[in-house]
Amino acid sequence: MKMENYEACIGFDLCETPLSTVAQKIMSAMRSGDLMDSRNEGESTKKSKVTKKSSVHYSVLAEHEKNQLLETKNPESLTTLTPRGPIELSPQPSITNLTCQLSAGQVQNSISSLCLSSYLIPQCDQEALLLQNMEHKRKHFLKEDIGKEDMDSLNFKRKYITCSNSPEKANKHTALVKDTGGMESWPNSEDTRALGKKLYDVRYLGDLAKVQLMDALKQAAALVVTLMYKDGSTQLSTKQALTCPVKGIVVLLKSHAGSSPVNLPAHGGALGKDFTCTDHCIYIHTEHSPFWDPKQEAHSLFVRNILFWTLRCKCPVVCFNAKDFVRTVLQLYGEDGSWKHVAGFVGLDPRVAAWLIDPSDTAPSFEDLVAKYLEKSITVKPSSKFSDASRNIVSQNVCVNMKILYDLTMDLCSKLKAYGLWQLFCTLELPLIPILAVMENHRIPVDKEEMERTSALLGARLKELEQEAHFVAGEQFLITSNNQLREILFGKLKLHLLSQRKHLPRTGLQNQLSTSEAMLNSLQYLHPLPKLILEYRQVHKIKSTFIDGLLAYMKKGSISSTWNQTGTVTGRLSAKHPNIQGISKHPIQISKPQNFKAKEEETITISPRTLFVSSKDHTFLAADFSQIELRILAHLSGDPELLKLFQESERDDVFSTLTSQWKDIPIERVTHMDREQTKKVVYSVVYGAGKERLAACLGVTVLEATHFLERFLQKYKKIKDFAQTVISQCHSAGYVTSILGRRRPLPRICAQNQQLRAQAERQAVNFVVQGSAADLCKLAMIHIFTAVATSPTLTARLVAQIHDELLFEVEDPQVPEFAALVRRIMESLQQVQTLELQLQVPLKVNLSVGHSWGHLAPLQETVGSA
DNA sequence: GCGGTGCCACTTTGG
DNA sequence: TCCAAAGTGGCA
């Protein structure tokens, strides 16, 4: 064991008595001024320091290493000091714990050089490295697998029997090895044969064992990670607690089987083929007790070390729902700025892999995936009498499950390769995982007082509207009930008989007369009730979803969404709790309720996005791709008219241009509403909307809509050709793919039912365009995130992604530099050599800034600065 | 009678 | 018989 193998940060407890010799030296060096005290540094310097991010506690070092440290130590070799411990809690801060950093010359693998090297490796190199690692592991794994499948299934059975008969079963979970005397040495192969399903709790490891563990961690061929919750369940448990706090983290260290001769038992033995005997499973307790004690602080440093190592190590890391793992580490140990350390994390997530293969099953459990994809193991048959027992295998023993998880992930990886999804997985989806974790770890401030005022205001207005509605209806009824509303509109008032329109909207399944917005719009001149209902619904939606709903998710005056990477069939992201992608953009006007006399205006404007504000000294910067799907359609179809629209008039807004063309009005006269309508019409038409739908959308007769449809498709002829090509490809292959190879199987493309088949055809066309747009938006996120993470100065945080729009929170002085970076990166996605991507159309980005999300103004960019 | 659950209709967003 | 989401409330 050599010093070179350690991080260069070493922590000391200063409340230990007697004070260790090294600590005494450091203290005296600090007093004499030979040592810099980082407490006196400015905030900005502190942020950029890497010393705090990872360190080894002094107590972890073996005796001879302590001696080595003591010998090599002279004051000059210590460059920084960082106070640790509960200094925030104490009014009179006293140093109770120190971290010192050795100069790079003293220790070769100093933390700073490690960090630098991992940042300086370009993204593609990291991917190449990962690919190489994976390929190596895969080959190795396959080689080992050949001819031993039967043996493995036997082993599973053996383990199961052992497990169910052991006293541990009563415990429901894997027994933790608690050697209160402290385990002095990390177990070798002889010990571990019996420990296939035991967890080593790192709290109870002795100093030497800890050192050996770190070593084993660094030499592991692969790591498998899962979170353990307070109720004892893990990420692999079927019934995963929704909001259960994390108790600890379980890590399976997969060793290079055969790499050490000591670990190789005699040839031919059954146990010799059981690779599990060289693997170790550790449990890392991460819960903090409310009061501080030095032992816990030492443990905390050690844990932090392990976890940050895991996040930046070069070997494959397997984790089911890896995003939750990254976010948990950030919540536990992430300080301001430390998010950059996880930027390069690439964790193999089997759920993401399975979603790429079949995007239609959006939330499979670990157990589901095992049943669906793990070929060699227990196949769970619902009708089998062993079904319950089989399922128990997948839920009882954490260590066994971790090994199954590893196998499952390897199987999924080879499937990804077979489907041509491997590159998409590695270059797009996996790098996105830490980005989403970092987003979830960041909170957006919200104006709570304003929100509560608005809630009361809207509540009052709703009461008024309800009373008016009851009055004009001539009876009391539940205004939110569509059934009751339908009875009044068509049963009592018989408005459908007064309407001139022949085809009134109907509900899907019951085929009743609809009470939708389109219907109410067409009835609004026949009776006052429809208009009141429309206004009621608008106000009610804003209040219940965007004001009260948002308040429910607020903690300490801020909110943070949960981002779902595998929640859509098209590759888009989705957000929930709250769904920040669905928050009203357009302000609504409401007339002032009677009892609100505070203001003089008769109408009040409500805009939910205005409630989102940037933090102090920060600005929101929004960057959105303009007409991304239409541009992609132009590229894919090669339609000359559409291409011309983007290549020539790059300066103008395309939807405004289209509006002025077909409505025959000058472009200056095109209103916002006109533009929105054109947008809706264009997308409806290109994705195959019928004439009735179009008529309803435009508010014109079916005949007029038919004419428009013909004219449009005549002008942009190749759109139809493109759609035909996609549909026929889908017919022959059974699936379609996006620009970066994302796939969507559409089995109904050959359905007998005409309706189902037509739907699948429209979905195929839509997927190719929407999925490709999603690819580009994700690529933009990754490139920008990587650029910021590798920048020594930039600190901009990604706050939200609203499909084509990225919302950042930027430190005020950095806005111009960052804006230029964002524009350059996003527009340069027109061609990406490494992905063989080359669009025929330019990509255009609109930038806007402001201190409130609802009030963003186009950015005035300074040009000409080098 | 009460509370949980799943489905439907409607709304918002994005293209 | 445009596509893709999430949230709310009624209703059985």
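Remember, predicted model here, so these are calculated numbers, not experimental data. Order of the sequence lines sets the chain letters (A, B, ...), proteins ahead of strands, with each chain counted from 1.
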A:Ser574 side-chain N/O to C:dA6 phosphate OP1/OP2 under 4.0 Å: yes
Near-ring test A:Tyr716/A:Phe722, centroid separation under 6.0 angstrom: no
Touch class at under 4.0 angstrom, heavy-atom based, for A:Ala774 against every strand present: nothing
Proximal nucleotide (of B:dT11, C:dA4, B:dT13) relative to the A:Asn766 side chain: C:dA4
Between C1' of B:dT12 and CG of A:Leu550, the distance in whole Å: 13 Å
Nucleotide of C:dA5, B:dG14, C:dC2 approaching A:Ser684 most closely (side-chain heavy atoms): C:dC2
Sugar-phosphate, base or nothing in reach of A:Asn564, heavy atoms under 4.0 Å: nothing
Sugar-phosphate only, base, or nothing, as touched by A:Leu478 at under 4.0 Å among non-hydrogen atoms: sugar-phosphate
Distance, rounded to the nearest Å, where A:Phe546 contributes CZ and C:dA6 contributes C1': 9 Å
Distance test, side-chain N/O of A:Ser514 to OP1/OP2 of B:dC10, below 4.0 Å: yes
A:Glu429 and A:Lys778: CA distance, side-chain angles, deciding distance, salt bridge (Lys or Arg N to Asp or Glu O under 4.0 Å) verdict: CA-CA 8 Å; A:Glu429 298 301 342; A:Lys778 283 178 166 177; 2.9 Å; yes
Given C:dA6, C:dA4, B:dG15, the nucleotide with the shortest approach to the side chain of A:Gln763: C:dA4
Phosphate OP1/OP2 of B:dC10: any A:Thr515 side-chain N/O under 4.0 Å: yes
Proximity to the side chain of A:His586 - top-ranked nucleotide from B:dG15, B:dT12, B:dT13: B:dT13
Nearest-Å distance for atom pair CG/P, residues A:Asp775 and B:dG15: 16 Å
A:Tyr687 and its side-chain hydrogen bond (donor to acceptor under 3.5 Å, both in side chains) partner, picked from A:Gln763, A:Glu629, A:Gln770: A:Glu629
Within-4.5 Å side-chain heavy-atom neighbours: A:Leu534 and A:Gln538: no
Closest to side chain of A:Arg744, choosing from C:dG7, C:dC3, C:dA5: C:dC3
B:dG14 base / A:Arg572 side chain donor-acceptor hit below 3.5 Å: yes
Atom-pair distance (NZ on A:Lys680; P on B:dT12), nearest Å: 9 Å
Pair A:Arg744, A:Thr570: side-chain N/O donor-acceptor within cut-off below 3.5 Å: no
Touch class at under 4.0 angstrom, heavy-atom based, for A:Glu805 against every strand present: nothing
Spacing of A:Leu630 atom CG relative to B:dG14 atom P, expressed in whole Å: 16 Å
Spacing between A:Lys679 atom NZ and B:dG14 atom C1', to the nearest angstrom: 7 Å
Distance, rounded to the nearest Å, where A:Ile533 contributes CD1 and C:dG9 contributes C1': 14 Å
Sugar-phosphate only, base, or nothing, as touched by A:Val765 at under 4.0 Å among non-hydrogen atoms: nothing
Sugar-phosphate only, base, or nothing, as touched by A:Arg757 at under 4.0 Å among non-hydrogen atoms: nothing
Sugar-phosphate only, base, or nothing, as touched by A:Ile583 at under 4.0 Å among non-hydrogen atoms: sugar-phosphate
Among B:dG15, B:dC10, C:dT1, the nucleotide that comes nearest once only the side chain of A:Asn482 is considered: B:dC10
Contact under 4.0 Å: A:Gln581 side-chain N or O vs C:dA6 OP1/OP2: no
Selection from C:dC3, B:dT13, C:dG7 that lies nearest to any side-chain heavy atom of A:Gln770: C:dC3
A:His586 and A:His672 aromatic ring geometry - parallel, tilted or perpendicular at 30°/60° bounds: perpendicular
Touch class at under 4.0 angstrom, heavy-atom based, for A:Lys585 against every strand present: sugar-phosphate
Touch class at under 4.0 angstrom, heavy-atom based, for A:Ile580 against every strand present: nothing
Closest to side chain of A:Arg762, choosing from C:dC2, B:dT13, C:dA4: C:dC2
Sugar-phosphate only, base, or nothing, as touched by A:Gln755 at under 4.0 Å among non-hydrogen atoms: base
A:Ser584 side chain, from C-beta outward: closest of B:dG15, B:dT13, C:dT1: B:dT13
N/O (side chain, A:Ser544) to phosphate O (OP1/OP2, C:dT8) under 4.0 Å: no
Phosphate contact (C:dG7 OP1 or OP2) by A:Lys541 side-chain N/O below 4.0 Å: no
Distance-only side-chain donor-acceptor flag, A:Ser772 / A:Asp775, under 3.5 Å: no
Any A:Thr480 side-chain N or O less than 4.0 Å from OP1/OP2 of C:dT8: no
Touch class at under 4.0 angstrom, heavy-atom based, for A:Arg609 against every strand present: sugar-phosphate
Side chain of A:Ser516 (C-beta onward), nearest among C:dA5, B:dT12, B:dC10: B:dC10
pair A:Leu428-A:Leu432: side-chain heavy atoms closer than 4.5 Å: no
Protein-nucleotide distance (A:Ile542, atom CD1; B:dC10, atom C1'), rounded to Å: 14 Å
P-based separation of B:dA9 from C:dT1 [nearest Å]: 12 Å
